[in-house]
*Asks:* 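Quick one: this structure, given as structure tokens, is what I'll be asking you about.
Just so it is clear, the values below take in all heavy atoms, side chains as well, and ignore hydrogens, waters and symmetry mates.
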Amino acid sequence: MTDTARVRQAPSAQAGYRRPADTPRVTAAKARLRVALDQQLGRKTPQSVKDVAEGKR
């Protein structure tokens, strides 16, 4: 026999509010990772990425 009782979902804290995926901090962290990876692989990193990594933008 299967259980057919419905389960109530808990209400979310703020309905409809979603935090942006990329905050300036996250963007800078991704840029720093890219610069480090480019250095390890011997590739050139665009200046715009370097600027974001250093917090200039």
*Asks:* Work out which heavy atom in R34 is nearest to a heavy atom in P46; give both atom names and the distance.
*Replies:* NH2-CD, 3.7 Å
*Asks:* For A31 and V49, work out which heavy atoms get closest and say how close.
*Replies:* CB-O, 3.7 Å
*Asks:* Show the nearest heavy-atom pair for residues V52 and A28, with the distance to one decimal.
*Replies:* O-CB, 3.9 Å
*Asks:* With heavy-atom distances below 4.5 Å as the criterion, would you say the side chains of K56 and S48 are in contact?
*Replies:* no
*Asks:* Evaluate the side-chain contact (heavy atoms from CB on, under 4.5 Å) criterion for residues E54 and V35: first the C-alpha distance (whole Å), next the side-chain angles of each, then the deciding distance (0.1 Å), finally the verdict.
*Replies:* CA-CA 10 Å; E54 295 173 4; V35 169; over 6 Å; no
*Asks:* Testing the basics here: between T45 and K50, what is the closest heavy-atom pair and its distance to 0.1 Å?
*Replies:* O-CE, 3.5 Å
